[in-house]
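The analysis underlying the following values was restricted to heavy atoms, covering all of them including side chains, and did not include hydrogens, waters or symmetry mates. Numbers here are sequence positions counted from 1. For ligands, and for the atoms within them, numbers begin at 1 and follow the listed sequence.
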Amino acid sequence: MATQELELSLLSRFQGVSLGALFGDCLGAKFETNWSVLPYEKVISYYETIKDKVAMGTPKADSGFVHYTDDTCMTFDLAKSLTKNRKYKPQDVAKRFTETFFASPKERNYGRHVAKVFSKLKENSCRGDVYKPASEQFGGSGSYGNGSAMRVSPVALLHHDNIIEMLTLVVAQSKLTHTNPRGINGAVLQALAIEKAMTSGKIDNAKIFCQELLDQFKEITPIKEDMEIFENGMSNVMELLEKESEVTPREIVSKLGTGVLAIQAVPPAIFFFLHSLKTNNVPTLSTYNGMVRTVLYATSVSHDSDTVACMAGAIAGAYYGVDSIPSEWVTACEGSDKAMKLANKLYKMNENSRKNKKS
Ligand code: R7I
Ligand code: MG
Ligand code: MG
């Protein structure tokens with residue numbers, strides 16, 4: 001890739017995060033319930049079919065005909081609350097999460113256990129201690145599903161360039177649904193990965209990127225319990241990165257997981273982004289740009305395809321910018337306009353707070 005391709009505006013990177021996450025969720029959603037590794041050709045065929053439908057103006061291919069799932073519902077709810085209130089209001093976020101869930105509990109494919117949190121929040125009309133229902137999940141140990149990491153991108157955008165504030169909010173918003181240290185640390189690692197991709201020029205060495213990210217995570221995460229599990233996950237990512245084109249989908253799944261738990265989703269998302277940096281690491285995907293390679297790769301190999309592709313898409317968007325997402329898919333994805341508007345608002349808010357910090 002030419003270096004100039006990465007001389008992107010910060011705004012393009014913000015929009016890339018928002019639309020990259022949406023692109024990953026919408027594309028991966030088609031295969032979420034398919035609990036096996038898919039041949040790349042199957043995912044490519046779906047990707048191309050949607051592109052063709054849009055390009056040919058096929059009936060029923062109106063804007064937004066490829067629907068998003070809970071990953072985007074919660075990302076939008078969080079982003080809308082932050083931009084509307086201009087600060088984090090836990091009861092407002094809890095209310096938005098709950099209302100959106102009850103508007104379509106089945107169609108959006110929420111996690112199986114998180115529904116209990118929303119039911120309890122609804123019983124109390126999202127008043128009082130809105131963190132309590134989450135703390136009662138799984139006998140009081142809290143969920144370590146990937147749900148708080150999958151929606152964390154707006155926090156990374158709002159607090160770009162201010163890691164301490166970013167992580168304070170990452171932890172707080174996680175605790176609305178996921179209080180287990182593993183669930184929270186998944187969100188911390190995902191937010192740090194987005195920030196690192198956003199602030200990177202051309203990444204020449206994927207392993208160094210990964211090691212630096214792990215070192216930063218270890219040093220800075222506010223949640224010190226159960227960190228080793230992520231250290232192991234990231235060490236496995238580095239081991240696989242070394243193998244370059246020889247790594248097989250089966251090895252990825254057996255070493256990293258690619259499933260519904262935070263530890264099975266965040267390290268793989270980072271892996272799919274980093275391993276797709278080189279055009280030829282997955283030869284079947286080599287004709288696509290880095291963003292599309294990342295999302296197709298994550299979708300094909302992951303069990304939790306919508307969520308891992310959503311996370312990988314957000315990281316890739318931070319690095320490649322919004323123009324890397326094919327325009328046909330931007331048209332096809334439900335909620336593209338909203339994703340763009342929210343990114344623009346978060347950009348403005350972030351720009352203002354960076355200006356205030358300097359003055
Ligand atoms: O984490 P969460 O919001 O689920 C997100 C996933 C994504 O793939 C979405 O696309 C959606 O499909 O679901 O919801 P939770 O229900 O809190 O966690 C997801 C799953 O993780 C649970 O249904 C459990 O199978 C598992 N899990 C646990 N299992 C045992 N012990 C989470 N925490 C635990 C635990 O403590
Ligand atoms: Mg989903
Ligand atoms: Mg999922």
Side-chain angles (χ1 to χ4, degrees), residues 21-36 38 66-78 93-94 96-98 100-121 131-153 170 173-190 223 225-226 229 256-269 272 295 298-314 333-335 339:
L22 178 70
F23 173 41
D25 183 23
C26 287
L27 189 122
K30 167 85 176 160
F31 306 101
E32 187 182 14
T33 48
N34 186 322
W35 282 82
S36 62
L38 297 168
V66 180
H67 293 174
Y68 58 70
T69 76
D70 62 327
D71 307 50
T72 301
C73 291
M74 299 189 94
T75 305
F76 281 173
D77 285 337
L78 182 56
V93 180
R96 287 170 193 270
F97 282 171
T98 304
T100 306
F101 172 77
F102 282 106
S104 49
K106 294 228 168 67
E107 299 85 327
R108 301 296 189 179
N109 264 327
Y110 281 80
R112 267 191 304 128
H113 289 74
V114 77
K116 268 187 238 152
V117 175
F118 301 129
S119 295
K120 289 182 183 177
L121 285 168
Y131 297 106
K132 189 162 173 271
S135 72
E136 293 167 348
Q137 292 290 87
F138 296 95
S141 56
S143 172
Y144 47 72
N146 57 29
S148 73
M150 74 192 182
R151 64 173 187 248
V152 83
S153 54
V170 167
Q173 72 81 30
S174 289
K175 286 182 174 175
L176 289 169
T177 50
H178 294 67
T179 61
N180 189 288
R182 296 182 194 185
I184 302 172
N185 264 334
V188 169
L189 185 57
Q190 171 67 8
I223 307 294
E225 298 151 84
D226 255 357
I229 189 160
L256 304 181
T258 75
V260 81
L261 306 184
I263 181 57
Q264 296 172 329
V266 182
F272 291 122
V295 168
T299 301
S300 303
V301 178
S302 299
H303 290 167
D304 191 355
S305 47
D306 65 323
T307 303
V308 181
C310 171
M311 293 178 184
C333 290
E334 175 192 11

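Of the protein's non-hydrogen atoms, H113 ND1, 3.4 Å is the one closest to atom 22 (C) of ligand 1. Counting only heavy atoms of the protein, atom 31 (N) of ligand 1 lies nearest to Y144 OH, 3.3 Å. Remark: minimum distance from atom 5 (C) of ligand 1 to any protein heavy atom is reached at N146 OD1, 3.1 Å. Counting only heavy atoms of the protein, atom 25 (O) of ligand 1 lies nearest to R112 NH2, 3.7 Å. Nearest protein heavy-atom contact of atom 4 (O) of ligand 1 is G111 CA, 3.5 Å.
Within D306, the N, O or S atom lying nearest to the Mg ion (ligand 2) carries the name OD2. With respect to the Mg ion (ligand 2), D71 has OD1 as its nearest N, O or S atom.
When each atom of ligand 1 is checked for a heavy atom of D71 under 4.0 Å away, the hits are 9 (C), 10 (O). Remark: ligand 1 atoms within the under-4.0 Å shell around heavy atoms of H178 are 1 (O), 2 (P), 3 (O), 17 (O). Applying the 4.0 Å criterion to heavy atoms of D304 picks out, from ligand 1, the atoms 7 (C), 8 (O).
For the pair OG1 of T69 and OD1 of D70, the angle at the Mg ion (ligand 2) is about 90°; rounding is to 10 degrees.
Residue G147 has at least one nitrogen or oxygen atom sitting less than 3.5 Å from a nitrogen or oxygen atom of ligand 1, judged on distance alone.
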